[in-house]
There are 2 protein chains.
Amino acid sequence: MKSAEKGADWLSGSVRAAAVERRLKPGQALFHAGGKTSGFYEVVSGTVRMVRVDRSGREAVLQVASAGDTLAEASLFSPAYHCDAVAATEAVVRLYPKSALLAALEHDPATAKAFAARLARQVMTLRTRLERRNIHSARDRVRHYLTINAGADGATVVLPGTLKDLAADLGLTHEALYRTLARMAAEGEITRAGTVIKLKRAG
Amino acid sequence: MKSAEKGADWLSGSVRAAAVERRLKPGQALFHAGGKTSGFYEVVSGTVRMVRVDRSGREAVLQVASAGDTLAEASLFSPAYHCDAVAATEAVVRLYPKSALLAALEHDPATAKAFAARLARQVMTLRTRLERRNIHSARDRVRHYLTINAGADGATVVLPGTLKDLAADLGLTHEALYRTLARMAAEGEITRAGTVIKLKRAG
DNA sequence: TTTGTCCTATGATCTGGATCATAGGCCAGC
DNA sequence: GCTGGCCTATGATCCAGATCATAGGACAAA
């Protein structure tokens, strides 16, 4: 593969070829609210925070993007950014220029379809994650996660990261998650070997 | 069923013209996991629940769609549904046939762009709502909401629904929200007249 | 007018998860 | 081998928000 063709494999080669990488120091801004949009970004490494600041100086975090995440997709369809993006750590981002992607959307139906498909899938998983946060009990939240992420056998879940990562994803402290998993295992609802969890029959 | 050109104004006329309405009784299924996908839906009235059931019979809700919401967008890019959709109440839904939308994506760049734009905006707001749920304190959650939803003056928020609706959106009980708003008003952080809230200078 | 429903509101109590503290295991780098 | 950092794990305590209860007001239907 050509070096230029790294990153998001759901984008067509021409769009990926137009991508530009940029290195950021902690605290350095990627763009500011009101600035002219130049495209959307993919985080290669580090983390970037999107922040909205109101007149009274209060800040509100809209998103924290880590390696692999994309950000500011909506800016493709708007002339100006509507929030600030600031590197929270040393970070590398890849810019996919607006013009390249919009041109692809116009002239290349396959790319348009792939782009829409990715966004639709993101909407789906975000809705699911949000729905999970409506569950109060830690145990039911874990059940929800396991049920939805069970593999082809409908019972086995291989965690994509550490238990701490999962705890953050579930909106629990890691302590609460450890305890919950321990209890579920003790009561026979699951069996566990490291980050591989198997759901057992209910009842 | 009449296919008047109502509903989703972000879709081209030709797609809207192809829409089909369907009326559901409580408990009636809209589609089942594994079934061939026929398109995506918009809820006209009532509420529809998307549910995933695992081998052991456990259920997990993926989404609860109410009037105005859309569902199963991702099914456009997949041959089979991956969950069940069941009406939770008497409901009316509008089906946008897969073929019509996919054809539009291929041949009509404007529609493709509008569709992608809508999805991108949804991704953005969902990410923001999810981020908000990471905030533990009720007060900070309300602040986050107000800051992000402040109008052009950066201070005034007109709620789109009732306080109960807002409480649900924030992931709080209505009692907790009432108390939090009362305290914020008492301490001069906000002023409130019904569902119109004004942010005051930060303390 | 009366009844019923729903939103708003606030008091009293309870609890599950957050927080704080401690410790063992594992691995990378020195 | 030793050290430091991080993940895993569990105990003790605390507290914000959930839950339960009660009540006034707005509004629609009967």
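Since this is a predicted model, take the numbers as computed values, not measurements. In what follows, every chain begins at residue 1, and chains take the letters A, B, ... in the order their sequences are listed. Values reported hereafter were calculated over all heavy atoms of this structure, with side chains retained and with hydrogens, waters and symmetry mates removed.
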Quick check: closest heavy atoms across [X] and [Y], and the distance to 0.1 Å?
X        : Y        : answer
A:Cys83  : A:Val51  : CB-O, 3.4 Å
B:Ala120 : A:Phe77  : CB-CE1, 4.0 Å
A:Ala88  : A:Pro26  : O-CB, 4.3 Å
A:Ala138 : A:Thr180 : CB-OG1, 3.7 Å

Can you find a heavy atom in the side chain of [X] that is under 4.5 Å from one in the side chain of [Y]?
X        : Y        : answer
A:Lys164 : A:Tyr178 : yes
A:Tyr96  : A:Leu76  : no
A:Glu59  : A:Arg49  : no
B:Arg133 : A:Leu130 : yes
B:Met50  : B:Leu30  : no

What pairs of donor and acceptor atoms, side-chain ones from residues 62-72 of chain B against any protein atom, are under 3.5 angstrom apart with sequence neighbours left out?
unit_1	atom_1	unit_2	atom_2	d
B:Gln63	OE1	A:Arg127	NE	3.3
B:Gln63	NE2	B:Thr70	O	3.2
B:Asp69	OD2	B:Ser66	N	2.9
B:Thr70	OG1	B:Glu73	OE2	2.5

What nucleic acid atoms does B:Arg192 come within less than 4.0 Å of, heavy atoms only: base, sugar-phosphate, or nothing?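 Result for B:Arg192 = sugar-phosphate.
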
Could you check whether A:Gly194 gets within reach of a base, just the sugar-phosphate, or nothing at all, counting any heavy atom under 4.0 Å?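 The answer is nothing, as A:Gly194 stays clear of every strand by at least 4.0 Å.
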
Partner of B:Glu189 under side chain to side chain donor-acceptor pair (under 3.5 Å), chosen from B:Arg143, B:Lys200, B:Arg183: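 Only match with B:Glu189 under side chain to side chain donor-acceptor pair (under 3.5 Å): B:Arg143.
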
Among residues 129-146 of chain A, which contact DNA chain C at a heavy-atom distance under 4.0 Å?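 Correct list: A:His136, A:Ser137, A:Ala138.
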
Please list, in numerical order, the residues of residues 157-166 of chain B that have a heavy atom closer than 4.0 Å to any atom of DNA chain C.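 Going residue by residue through residues 157-166 of chain B, the ones with a heavy atom under 4.0 Å of DNA chain C turn out to be B:Thr162, B:Leu163, B:Lys164.
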
[X], [atom1]: over 12 other non-hydrogen atoms inside 6.0 angstrom:
X        : atom1 : value
B:Arg118 : CZ    : yes
A:Lys198 : NZ    : no
A:Arg23  : CZ    : no

I'd like a table of atom pairs between the protein and nucleotides 20-29 of chain D - only N or O on both sides, under 3.5 Å - with the distance next to each one.
unit_1	atom_1	unit_2	atom_2	d
D:dC20	N4	B:Glu175	OE2	3.0

Looking at five pairs on each end of the helix from C:dT1-D:dA30 to C:dC30-D:dG1, what is the angle between the two axes, given to 10 degrees?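 Overall, the helix from C:dT1-D:dA30 to C:dC30-D:dG1 bends by 40° from one end axis to the other.
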
Whole-Å gap separating P (C:dG17) and OH (A:Tyr178):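 For the pair A:Tyr178 OH and C:dG17 P, the rounded distance is 17 Å.
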
Report the distance from atom CD1 of A:Ile197 to atom P of D:dT8, rounded to the nearest whole Å.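 In whole Å, D:dT8 P lies 11 Å from A:Ile197 CD1.
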
Got a second to check how far B:Ile197's CD1 is from B:Met184's CE, nearest 0.5 Å?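 Those atoms lie 8.0 Å apart.
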
Output the single nucleotide from D:dT8, D:dA18, C:dA18 whose closest atom is nearest the side chain of A:Leu172.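 Closest of the options to the side chain of A:Leu172: C:dA18.
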
So which nucleotide from D:dA18, C:dG17, C:dC7 ends up closest to the side chain of A:Ala176?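 That would be C:dG17.
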
Contact pattern, 5' to 3', of nucleotides 23-28 of chain C - B, S or - by protein heavy atom under 4.0 Å: ------

May I ask you to decide if the ring planes of A:Trp10 and A:Phe115 are parallel, tilted or perpendicular, using 30° and 60° as cut-offs?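 Plane angle under 30°, so parallel.
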
